[in-house]
There are 2 protein chains.
Amino acid sequence: MMDSPPATDVLSQETPKRGKRRAPGERRKEFVDKAIIFFSEVGFEGGTRELAKRLGVTQPLIYRYFPSKDDLIREVYETVYISRWEDQWTTDLTNRDSQVRDRLIAFYDSYTKVIFTREWMRIFFFAGLKGLDINKWYVGRVRERVLIPVCRELHHAFGISPDAEITDEEIDLAWTMHGGIFYHGIRKHIYMLDGGLGETLQVETAIDMFFAGLEKFYAERKLKQV
Amino acid sequence: MMDSPPATDVLSQETPKRGKRRAPGERRKEFVDKAIIFFSEVGFEGGTRELAKRLGVTQPLIYRYFPSKDDLIREVYETVYISRWEDQWTTDLTNRDSQVRDRLIAFYDSYTKVIFTREWMRIFFFAGLKGLDINKWYVGRVRERVLIPVCRELHHAFGISPDAEITDEEIDLAWTMHGGIFYHGIRKHIYMLDGGLGETLQVETAIDMFFAGLEKFYAERKLKQV
DNA sequence: TACTTTATTTATCGGTCGATAAGTGTAAAG
DNA sequence: CTTTACACTTATCGACCGATAAATAAAGTA
């Protein structure tokens, strides 16, 4: 079940003039949430005064909740990267009750619902261009918790010995599929251009391309056994 | 002024510190070239003083050659985007002397040689995140001069009537292939992570995936006629 | 009620930025 | 050699940025 967004407290009207007390934990979360939207739009070079204006407070108040702008930024991308990751993804991908193709489609349908948003995409690239470690860490997570499990499932589905190691080449193939899907998100949210296929169909065709490529790959390497 | 010049003008040893005349056009080009490298590393928010230091000159000199920082930046990405495009790409892609698969591989081998560089990739995303028009313009150019010609060649290769229109869905399929290849560049130059396959092999497998996907696409739509 | 606590504001500092004006010295022109 | 042109410098301005200190007002506590 999808929890509906918390009904924003009935606008306490304007004229927040001065000292509008709120619970501190709640306030902090509100700051981070709005900072995500703010920084995703203007980049991490966006000023704290402009951010404060959007929060409806004065600039020094930000420093009561975060020691520095960098700390706030760190919290922003940790929230985006970590809290939006769902462990269920790996669980479902490795559940052999259904065909691996269907599992892949279901995964990317769910995954793209999370990452194909303006904030996620832009925060991701702002952080990537900054050369932050968390970005490499995230790509590593995709590799370990998605692509490698997927390759393992494919070995099983293609009847390859469970002892056969997963090669870097196979993972590169999986990255090509992943990139084909991911690029649609780039086009939509970085370049603001939409595609002709719906998102589900984009995912399906990318996965079908991947399977066709795998057939060729395994055939050439004489690994296919069925 | 009180400060007495060192009067050591005699020892104009090593790098000539002052008044090092050069041809103005040459100097301008040198500024743009170094600015490409500089901005690709630190982003367009990089300071003019830091840039000047790398150029070995003082900061105000930049404003003798460019009216404003924005003008310099505009020249930077126009140089990267426009001057590195080769019209021969479209010519070769539509030359039916060889198989379309071979043409595609040859194109992406050449294209990735140009764009899979740290400067190109990073300038591209810095500009994309800034929401610059030139970015959409570039994506439009790839569509018009690569993907649509490719789809037309594929129609011919697959024996589809020359009157059949190229659909948005077909172009989306081509974008998936393009994105699969492009993403390897992102991994390498934005995340600084290398893949297992060589670049040529990455291109080949992405194209083979694409062809396999096309087969399925045309079969389902009953457009295939051979 | 008076007292304490703290969320929030006002005021401000030092640093950096893009940009401009004025000075300086060398190369080129005569 | 003298004069002129201009590539390049020094000095500086006003705006903005991140961050801090002190003042203020609202909430909690008695």
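Chain A is the first sequence line, chain B the second, and so forth, proteins listed ahead of strands; every chain is numbered from 1.
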Distance check needed: [N] [atom2] versus [X] [atom1], whole Å only.
{"X": "B:Phe66", "N": "C:dG18", "atom1": "CZ", "atom2": "P", "value": "15 Å"}
{"X": "B:Leu61", "N": "C:dA19", "atom1": "CG", "atom2": "P", "value": "15 Å"}
{"X": "B:Leu51", "N": "C:dT16", "atom1": "CG", "atom2": "P", "value": "17 Å"}
{"X": "B:Glu26", "N": "D:dC8", "atom1": "CD", "atom2": "C1'", "value": "16 Å"}
{"X": "B:Arg49", "N": "D:dT10", "atom1": "CZ", "atom2": "C1'", "value": "12 Å"}
{"X": "A:Leu72", "N": "D:dC17", "atom1": "CG", "atom2": "C1'", "value": "15 Å"}

Review point. Distance only, no hydrogens: is a donor on one side chain within 3.5 Å (strictly under) of an acceptor on the other, for A:Thr167 and A:Glu170?
Key: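 Yes - a donor-acceptor pair under 3.5 Å links their side chains.
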
Practice item. Check whether any side-chain N or O of A:Thr58 sits under 4.0 Å from OP1 or OP2 of C:dT8, and answer yes or no. Key: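 Answer no for this pair, as no side-chain N or O of A:Thr58 is under 4.0 Å from OP1 or OP2.
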
Point to revise | Side-chain N or O of A:Tyr65 closer than 4.0 Å to phosphate OP1/OP2 of C:dT8 | key: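 True: A:Tyr65 side-chain N/O within range (under 4.0 Å) of C:dT8 OP1/OP2.
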
Review point. Which class fits the ring pair A:Trp85 and A:Tyr111: parallel under 30°, tilted 30 to 60°, perpendicular over 60°?
Key: perpendicular

Exercise for review: Please work out which of the three classes, parallel, tilted or perpendicular, describes the rings of B:Trp89 and B:Phe107, given edges at 30° and 60°.
Suggested key: perpendicular

Practice item. Have a look at A:Tyr108 and tell me which of A:His178, A:Arg103, A:Glu199 forms a side chain to side chain donor-acceptor pair (under 3.5 Å) with it. Key: A:His178

Check your understanding: Want to settle it: does A:Gln59 or A:Arg64 sit nearer the 5' end of DNA chain C, counting the closest nucleotide to each?
Key ->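 The 5'-side residue here is A:Arg64.
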
